[in-house]
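Notes for the one structure printed next.
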Protein chains: 2
Amino acid sequence: MLRIGEVAARAGVSVRALRYYEEQGLLEAERSASGQRRYAESAVGRVQFIQQLYAAGLNSKDVLEVLPCVHTGVATPAMLARLVDQRDGIDRQIAELTQARARLDEIIRIGQEHVPAVAAS
Amino acid sequence: MLRIGEVAARAGVSVRALRYYEEQGLLEAERSASGQRRYAESAVGRVQFIQQLYAAGLNSKDVLEVLPCVHTGVATPAMLARLVDQRDGIDRQIAELTQARARLDEIIRIGQEHVPAVAAS
DNA sequence: GTTGCCTCTGACGTCAACGTGAGGTCCTAG
DNA sequence: CTAGGACCTCACGTTGACGTCAGAGGCAAC
């Protein structure tokens, strides 16, 4: 059983974030006799996945819809539809990012042509 | 010369957003005699690129650093370094998204196995 | 037993990218 | 010449994911 600081350090987030996740129903913790949170080892991976979903543009409500499937491995048809929606959203984001990356890349290429004296090895 | 509503409609953003971009120094506009903004045709593409950069996780300050290179086609070595940094950031984001997508995908796959009676064609 | 770090519960602060009126002006179609 | 959109400038409101501070208690070491 891990304490909150330990989980935060391992998952690379703040202690405040973990309390916030609990507030949002994203993360459960047992309590010690004195009321301190105790986490299972699996909490670290769970938190990292939550971070990934946030990074993918989901809000905490979306994450809340997705997470039960992760834990139970079971999904209702409605949940599956949501999951597919979220995956499609991520696909669109990846496509946009790829396009933005390509544009940035071309800007860099042009920039290097115009200032070639420095990087020429 | 386009009016603000026209640019907003074509670029798929709000009028308020365009004023905000101007406020942040991201987008310039001439003014008519009565003070109304008049945009060049190129503003539409510029706005769309700004949106892509926002979607890529850049804030307006970052965008402000990147945009001059787009317009002039010239970049100082420092600017080039920033551009490369931003591109690397986008690469990291794409990697994260791809990983999140893979995890979602597996959840969907497992979910479909557990509820096969519906989707079976 | 006390020092020093960890944790607790509120509860207000923050920051970016706009949203949303208020109150007034412009413009163009009929 | 007037009705009604589109546009203008303030300027406050919103939202999500935390940051941060206050005041109090917990825990392991010395």
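Every chain is numbered from 1 and lettered A, B, ... according to where its sequence line falls, protein lines coming before strand lines. Please read all numbers here as calculations on a predicted model, not as lab measurements.
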For nucleotides 18-24 of chain C, tabulate all protein N/O to nucleotide N/O atom pairs closer than 3.5 Å, reporting atom names and distance.
unit_1 : atom_1 : unit_2  : atom_2 : d
C:dC18 : OP2    : B:Tyr21 : OH     : 3.1
C:dG19 : OP2    : B:Ser14 : OG     : 2.6
C:dG19 : N7     : B:Arg16 : NE     : 3.3
C:dG19 : O6     : B:Arg16 : NH2    : 3.2
C:dT20 : O4     : B:Arg16 : NE     : 3.2

Looking across every strand, which nucleic acid part, if any, lies under 4.0 Å from [X] by heavy atom: base, sugar-phosphate, or nothing?
| X | value |
| --- | --- |
| A:Arg19 | base |
| B:Arg38 | nothing |
| A:Ser60 | sugar-phosphate |

On DNA chain C, does the nearest nucleotide to B:Leu58 precede the nearest nucleotide to B:Ser34 from the 5' side, or the other way round? Give the residue.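 Whichever sits nearer the 5' end wins; that is B:Leu58.
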
A quick test of your reading: do over 12 heavy atoms of other residues, nucleotides or ligands sit less than 6.0 Å from [atom1] of [X]?
| X | atom1 | result |
| --- | --- | --- |
| B:Gln48 | CD | yes |
| A:Arg82 | CZ | no |
| B:Glu23 | CD | yes |

Assess, by modelled atom type and distance only, whether the side chains of B:Tyr21 and B:Glu28 contain a donor and an acceptor separated by less than 3.5 Å.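 No, because no side-chain N or O of B:Tyr21 sits under 3.5 Å from a partner of the opposite role on B:Glu28.
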
Exercise: do B:Arg38 and B:Gln36 side chains pair donor with acceptor under 3.5 Å: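 Their side chains do contain a donor-acceptor pair, which is all the 3.5 Å distance test asks for.
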
Please determine which of B:Leu53, B:Leu64, B:Val47 meets the side chain to side chain contact (heavy atoms under 4.5 Å, CB included) test together with B:Leu26.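 Passing option: B:Leu64.
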
Could you tell me from which nucleotide to which nucleotide of DNA chain D, 5' to 3', there is an atom under 4.0 Å from chain A heavy atoms?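 Going 5' to 3' along DNA chain D, contacts run D:dA17 to D:dC27.
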
Check whether B:Tyr39 forms a cation-pi arrangement with B:Arg3 (NZ or CZ under 6.0 Å from the six-membered ring centre, at most 45° off the ring normal).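 Ring-cation test returns no.
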
Indicate yes or no: does [X] engage [Y] in a salt bridge with an N to O separation below 4.0 Å.
| X | Y | answer |
| --- | --- | --- |
| A:Arg10 | A:Glu6 | yes |
| A:Arg101 | A:Asp105 | yes |
| A:Glu106 | B:Arg87 | no |

I'd like a list of close polar pairs between nucleotides 1-6 of chain C and the protein, N/O only, cut-off under 3.5 Å.
none

